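We name chains A, B, ... by the order of the sequence lines, and we start the count at 1 in each one. Source: prediction; values computed, not measured.
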Amino acid sequence: MGTFLMIIIMAVFANNFILVQFLGICPFLGLSKSRANAFGMGVAVTLIMTITCLITYPIYMYILVPLKLEYLEIIVFIFVIAALVQMIENIIKRFSPALYKGMGIYLPLITTNCAVLGVAELVIDSAAMANLIGVPQMSLGYSVLYGFFGGVGFTVAIILLSGLREKTDYLDIPKSLKGFPITMVAACIMAMGFYVFNFIG
Amino acid sequence: MTFKEFLKSKTFKCIIVLTTIALVCGGLLAILNDVLYISEEEKTQKAIKKIYGKDMEYTVVQIDEQDKTNKYGQIEAIYAFKDGNYLIQATGIDGYQSGTITAWVVAEFKDGKFNGLNSVSEASNEKQTLMSKFNKDFVNVYVNKDREGVINGKYFNLYDSDKEIGNISSGATKSTNAYNNAVNCALYYIREKLDGGK
Amino acid sequence: MNWSKYKNIATNGVLKNNPIFRLVLGTCPTLALTGSALNAFGMGLAVTFILTLSNTFISLLRKVIPDEVRIPAYVLIIATLVTIIRMLLEKYIPVLFESFGVYLPLIVVNCIILGRAEGFANKNPIFDSALDGFFTGIGCTLAMGLMGIVREFLGAGSFFGMQLMDFRIEFFTSAAGAFFVYGMFIAIFNAAYKAIENKINKKNFALHLEELSIKENN
């Protein structure tokens with residue numbers, strides 16, 4: 001239970017993928033204009049991040065490492081992610097057209113999302129990861145949990161920012177600050193808030 | 001579709017091109033991986049340079065089986081430097097949740113006699129979740145050039161007696177214990193085996 | 001020689017379409033690694049290296065690769081280049097390798113590189129593509145380096161690791177400071193760029209009027 005809580009705190013708050021680790025900034029800036037978009041993207045990313053961890057971790061640990069093919073890791077991971085995204089898109093399209101309407105348009109964007117490849121690369125660094133969440137050894141279960149809650153952290157951050165942006169669009173500010181700069185400042189203030197979680201644990 | 005038609009089709013061309021690129025890339029990486037392979041020795045050399053602060057020729061000291069463990073923990077490796085100093089990697093037991101801490105200890109020797117501790121740094125740990133509470137000051141408590149004090153066990157009972165250390169790492173007393181044990185483990189070996197040219 | 005074309009490619013990459021400040025692409029490494037000037041420049045140069053080579057190879061193979069599988073083929077080429085630079089850094093510059101950490105493999109999904117492959121290299125000859133990749137990379141390096149210098153100076157009082165002043169405003173090296181400094185840089189760069197553009201436009205307009213009046217007089 002303690003470990004479970006630790007993973008939640010670490011992945012969602014203290015090491016938030018967007019605001020602390022800077023992974024997945026492109027959709028964070030691009031899709032945070034409306035709350036509905038932000039939520040759709042968040043759910044899609046969480047789904048893919050969880051399944052990515054479930055697949056890449058065993059591939060690396062039980063195939064690449066024993067065969068001494070660690071150097072192929074980047075190529076293998078990016079293709080696993082691309083294939084996975086394509087597959088999920090087809091499955092959702094087939095079985096739930098309503099869901100596809102909701103999040104289908106975000107799926108193709110996820111292949112080039114830093115957060116997904118980032119989480120795959122992070123969980124295979126076993127020593128650092130085990131240290132972070134305070135377990136003796138990394139396992140498939142922990143890495144999937146970390147992937148899932150990392151995605152939750154992503155969703156929380158992007159939804160919070162979309163709420164802020166709905167307000168900042170109507171602010172009376174200099175023209176050169178409009179758009180990206182004011183969004184960055186909003187993100188800066190959010191990051192300060194998340195900084196507090198570093199003192200937990 | 002016959003086989004011949006397939007050979008002329010676009011699908012076939014796509015497959016061929018992709019496979020060729022994949023094979024060329026894979027082959028290139030395999031060759032480069034061999035050329036740029038970093039051996040264990042090189043890794044040790046780099047680690048030592050980081051801990052010791054400069055490049056130094058070293059020899060690996062063989063440890064007798066019965067000297068490998070003592071009541072504080074376990075000696076992992078010992079490197080003897082050309083300038084007479086020793087680098088000891090030791091694991092201390094009895095940390096938080098019965099975990100351990102492995103530390104690098106640089107021991108300074110003068111004319112074959114132990115002279116004090118030059119530096120102590122963490123190599124790795126098991127189950128010690130509060131390592132972030134340790135700061136540089138904490139480790140510097142061990143750095144000491146007072147030969148008599150160190151050799152006669154200045155740190156042997158720090159966990160119980162010395163408030164100095166308890167204050168610096170408040171909230172992580174169990175991990176402090178493991179750190180002490182790691183340093184003491186190295187000191188024990190120095191006293192028994194290395195000091196005075198034994 | 002077609003100098004005006006090359007000049008155009010260069011100004012496009014460095015100023016007009018500066019990937020960091022104008023297009024706001026490749027934001028992840030920009031935010032994460034500009035806490036120190038050395039890391040920022042190192043990352044910029046790594047991106048430049050990969051961008052130049054990936055543009056070259058993709059332009060070289062642009063007639064061979066069928067349209068349907070171009071994206072997987074590009075990703076394959078880029079991932080190979082990233083793996084190569086990762087091996088090189090681990091062997092020869094371990095300091096940078098360690099401080100890049102997870103952001104090194106993430107160059108693969110950096111939008112700038114795939115963007116230039118799609119937008120330029122697959123339609124243009126080899127030399128132009130290489131040049132475009134190089135100058136886009138230089139634009140990246142300059143932007144990231146500038147941010148790195150500013151953040152490191154304000155946050156740690158040092159310049160490329162050399163201690164200059166005895167003050168530190170830790171906000172600037174923290175995560176929050178990264179967002180703030182980046183936002184300010186985008187604002188300033190765009191304001192300056194617009195001002196210069198306006199000036200040039202006005203000048204051109206004045207020249208244009210002059211020409212017209214000369215024609216009318218004749």
**Item:** Closest contact, heavy atoms only, Leu19(A) versus Ala175(C)
**Value:** O-CB, 3.3 Å
**Message:** I need the residue from Ile186(C), Leu25(C), Leu31(C) with the largest number of non-hydrogen atom pairs under 4.5 Å to chain A.
**Reply:** Leu31(C)
**Prompt:** Can you tell me if Gln163(C) uses its side chain to pair, donor with acceptor, with the backbone of Met165(C) under 3.5 Å?
**Reply:** yes
**Prompt:** Side chain, backbone, both or neither: which part of Ile75(A) has an atom under 4.5 Å from a heavy atom of chain C?
**Reply:** both
**Message:** Heavy-atom count check: over 12 atoms from other residues, nucleotides or ligands less than 6.0 Å from Phe205(C) CZ?
**Reply:** no
**Request:** Would you mind checking which part of Leu29(A) comes under 4.5 Å of any heavy atom in chain C, side chain (CB onward), backbone (N, CA, C, O), both or neither?
**Result:** side chain
**Asked** Minimum heavy-atom separation for Ser32(A) to Leu161(A), with atom names?
**Response** OG-CD2, 3.4 Å
**Request:** Test the Arg22(C)-Tyr193(C) pair against the cation-pi criterion, namely NZ or CZ under 6.0 angstrom from the six-membered ring centroid and within 45° of the ring axis.
**Result:** yes
**Request:** Measure from the side-chain N and O atoms of Asn16(A) to the backbone N and O of Val12(A), and report whether any donor-acceptor pair falls under 3.5 Å.
**Result:** yes
**Prompt:** Taking 4.0 angstrom as the limit, do Glu73(A) and Arg86(C) come out as a salt bridge?
**Reply:** yes
**Prompt:** What residue, out of Phe194(A), Tyr195(A), Phe79(A), has the most heavy-atom pairs lying under 4.5 Å from chain C?
**Reply:** Phe79(A)
**Request:** Would you mind checking which part of Ala187(A) comes under 4.5 Å of any heavy atom in chain C, side chain (CB onward), backbone (N, CA, C, O), both or neither?
**Result:** both
**Request:** Go through the atoms of Ile78(C) and report whether side chain, backbone, both or neither lie under 4.5 Å from a heavy atom of chain A.
**Result:** neither
**chain A contact via Pro29(C) - side chain, backbone, both or neither, heavy atoms under 4.5 Å** = neither
**Prompt:** Is chain C contacted by the side chain of Thr183(A), its backbone, both, or neither, given a heavy-atom distance below 4.5 Å?
**Reply:** neither
**Message:** Does any backbone or side-chain atom of Phe189(C) lie under 4.5 Å from a heavy atom of chain A? Answer side chain, backbone, both or neither.
**Reply:** neither
**Which atoms of Phe185(C) approach chain A - backbone, side chain, both or neither, heavy atom under 4.5 Å** = neither
**Item:** Portion of Thr80(C) that has a non-hydrogen atom of chain A nearer than 4.5 angstrom
**Value:** both
**Prompt:** Are side-chain N/O atoms of Glu152(C) and Ser158(C) paired as donor and acceptor at under 3.5 Å?
**Reply:** yes
